[in-house]
Number of protein chains: 2
Amino acid sequence: MPPPPNKPLPDCTIFLLAKAYQKAHAPFKQRLAPYGLTTMQHLVLEGLWHAEGQTAAELGKLLVLDKATLSGVLERLSEAGWIDKRPDPGDRRVVRLYPARRAERRKEELIALRTRANEELLAVFSPEEQVLLKRFLWDLM
Amino acid sequence: MPPPPNKPLPDCTIFLLAKAYQKAHAPFKQRLAPYGLTTMQHLVLEGLWHAEGQTAAELGKLLVLDKATLSGVLERLSEAGWIDKRPDPGDRRVVRLYPARRAERRKEELIALRTRANEELLAVFSPEEQVLLKRFLWDLM
DNA sequence: GGATAAACGTTCGCATACGAAGGAGAGGCC
DNA sequence: GGCCTCTCCTTCGTATGCGAACGTTTATCC
């Protein structure tokens, strides 16, 4: 008996996760392009709106981000005028992060953008499936 | 009434996908390190074992990979002696790709490594949940 | 047959990712 | 105070990831 029709890679969950992530990201990336923001930079802004004045270490923990990666993202966000990096008066090792005016002005818009991107991503699933999928992903991370 | 306890980012499926992918990848990456292979390079090898003599374009389609990204990966795999790049005699634009002896020697080992990594990743789920999760991811990509 | 279009792979530029090392500062301990 | 350690952030090196432009080669169309 010949082997079943080839689906060698689809059976690799790691691969499926990578590709699902890839497909989920692309449309969001396109929507952010007019703002000159990347998805990562948008994520950082949302993290700062969650709690202003965080240190880079705190933000990295919240977003599960390597500090080395975050360093570069913060520099570009700061140079583009989206955030302010202020030295902590009490601890000179620490930088505290705040959304700049430019970010505040676009806040509602940018959050709505993410909400819509997520809704469109999940549109193929029923509400029950959506809940289940989120729980699965949550268990994985 | 105060807002519910903060879970601002977990409700973002795009974020969850990114982090689930991140967590799934890390252990596999560690296991591959002794071989001097990255997860991406391992994926390319599996793609070639699936069908030898593919062109870069075909392989890119199979693995859902940008040709620009693939180009660099193939160059490093070739330099490390994992694959052979042979010009197509009939079409001088095309390069055909073959696993090298080094790859053939490690083939069983490397496939087993991926199988184990996937099993461990899915260990927290019941068999039914595993099937469901894969279907969800498949629908996303 | 000759111009135009399309396909293939490479290269460039920019932005993640992350391990590893490094410099500056803060805190504990004697 | 002086030493050790730990933390915070930055920097470096390497590897994706992908849009865009490029040079080569092949296919198409008139």
Side-chain angles (χ1 to χ4, degrees), chain A residues 14-15 17-30 32-44 54-61 63-80 82-83 85-97, chain B residues 14-15 17-30 32-44 54-61 63-80 82-83 85-97:
Chain A
I14 299 175
F15 171 77
L17 272 172
K19 294 313 157 183
Y21 162 71
Q22 203 177 1
K23 294 293 179 187
H25 245 248
F28 191 29
K29 182 180 173 183
Q30 296 306 318
L32 284 176
Y35 296 86
L37 282 173
T38 65
T39 56
M40 177 56 50
Q41 292 167 0
H42 180 281
L43 182 65
V44 166
Q54 287 179 95
T55 68
E58 289 167 348
L59 189 60
K61 220 163 290 178
L63 304 180
V64 198
L65 267 182
D66 191 275
K67 62 193 171 179
T69 303
L70 193 51
S71 187
V73 178
L74 292 176
E75 189 194 344
R76 284 182 287 276
L77 274 175
S78 177
E79 275 178 11
W82 290 102
I83 66 170
K85 298 168 73 168
R86 304 182 200 156
D88 185 301
D91 186 340
R92 283 191 296 177
R93 293 170 304 179
V94 171
V95 179
R96 298 209 167 266
L97 305 166
Chain B
I14 299 175
F15 172 76
L17 272 172
K19 294 314 158 183
Y21 162 71
Q22 202 176 3
K23 294 293 180 185
H25 245 248
F28 191 29
K29 182 179 173 184
Q30 296 306 317
L32 284 175
Y35 296 86
L37 283 173
T38 65
T39 55
M40 177 55 52
Q41 292 166 1
H42 180 281
L43 181 65
V44 166
Q54 287 179 96
T55 68
E58 289 167 349
L59 189 59
K61 220 162 290 177
L63 304 179
V64 196
L65 266 181
D66 192 273
K67 63 192 171 179
T69 303
L70 194 51
S71 186
V73 177
L74 292 176
E75 188 195 344
R76 284 182 287 277
L77 274 174
S78 177
E79 274 180 11
W82 290 102
I83 66 171
K85 297 169 73 169
R86 304 183 201 156
D88 184 302
D91 186 340
R92 281 190 298 176
R93 294 170 302 180
V94 171
V95 178
R96 299 208 166 266
L97 305 166

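A, B, ... follow the sequence lines: proteins, then strands. Residue 1 opens every chain.
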(request) Check whether any side-chain heavy atom of L65(A) sits under 4.5 Å from a side-chain heavy atom of M40(A), and report yes or no. (result) yes
(request) Side-chain contact test, heavy atoms from C-beta onward, threshold under 4.5 Å: evaluate it for L37(B) versus W82(B) and give yes or no. (result) yes
(request) Taking K19(B) for its side chain and V64(A) for its backbone only, find out whether a donor-acceptor pair lies under 3.5 Å. (result) yes
(message) Would you say that L70(A) contacts V44(A) through its side chain, given a criterion of any heavy-atom pair below 4.5 Å between the two side chains?
(response) yes
(message) Under 4.0 Å, heavy atoms only, any strand: does T39(B) hit a base, just the sugar-phosphate, or nothing?
(response) nothing
(message) Strictly below 4.0 Å: does Y21(A) bring a side-chain N or O up to OP1 or OP2 of dT16(D)?
(response) no
(request) Answer whether the closest heavy-atom distance between the side chains of L74(A) and L59(A) falls below 4.5 Å. (result) yes
(request) Would you check if T39(A) and I14(B) make a side-chain contact, meaning some heavy-atom pair closer than 4.5 Å? (result) no
(message) Expressed as a whole number of angstroms, how long is the span from H25(A):NE2 to dT16(D):P?
(response) 18 Å
(message) Going by the rule ring-ring contact (aromatic ring centres under 6.0 Å, His included), which residues pair with F28(A) if we only count those two or more places apart in sequence or in a different chain?
(response) H42(A)
(message) Measuring only between side-chain heavy atoms, which start at C-beta, is T55(B) closer than 4.5 Å to D88(B)?
(response) no
(request) Sugar-phosphate means primed atoms, P, OP1 and OP2; the rest is base. With that split, encode nucleotides 19-28 of chain D 5' to 3' as B, S or - using protein heavy atoms under 4.0 Å. (result) BB---BBS--
(request) Would you tell me if any nitrogen or oxygen in the side chain of Q22(A) comes within less than 4.0 Å of OP1 or OP2 on dC18(D)? (result) yes
(request) Figure out the CZ/P separation between R76(B) and dG13(D), and round it to whole Å. (result) 16 Å
(message) What is the separation between atom CZ on F28(A) and atom P on dC18(D), rounded to the nearest whole Å?
(response) 16 Å
(request) For S71(A), answer base if it contacts any base atom (sugar-phosphate contacts may also be present), sugar-phosphate if it contacts only those atoms, and nothing otherwise; contact means non-hydrogen atoms under 4.0 Å. (result) base
(request) Specify the residue among K19(A) and E75(A) whose closest nucleotide of DNA chain D lies further upstream toward the 5′ end. (result) E75(A)
(message) Under 4.0 Å, counting only non-hydrogen atoms across every strand here, what does Q41(A) touch: a base, just sugar-phosphate, or nothing?
(response) sugar-phosphate
(request) Whole angstrom is fine here: how far is it from NZ in K85(A) over to C1' in dC9(D)? (result) 9 Å
(message) Please check: side-chain N/O of K67(A) versus main-chain N/O of K61(A), any donor-acceptor pairing under 3.5 Å?
(response) no
(request) Extract, from 5' to 3' on DNA chain C, the first and final nucleotides lying under 4.0 angstrom from some heavy atom of chain B. (result) dA7(C) to dC18(C)
(message) Need to verify one output field. Residue with the more 5' nearest nucleotide on DNA chain D, L65(B) or E58(A)?
(response) E58(A)
(request) Take atom CG of L37(B) and atom C1' of dT14(D), then tell me their distance rounded to the nearest Å. (result) 15 Å
(request) Mind calculating the distance between CG (L43(B)) and P (dT16(D)) to the nearest angstrom? (result) 10 Å
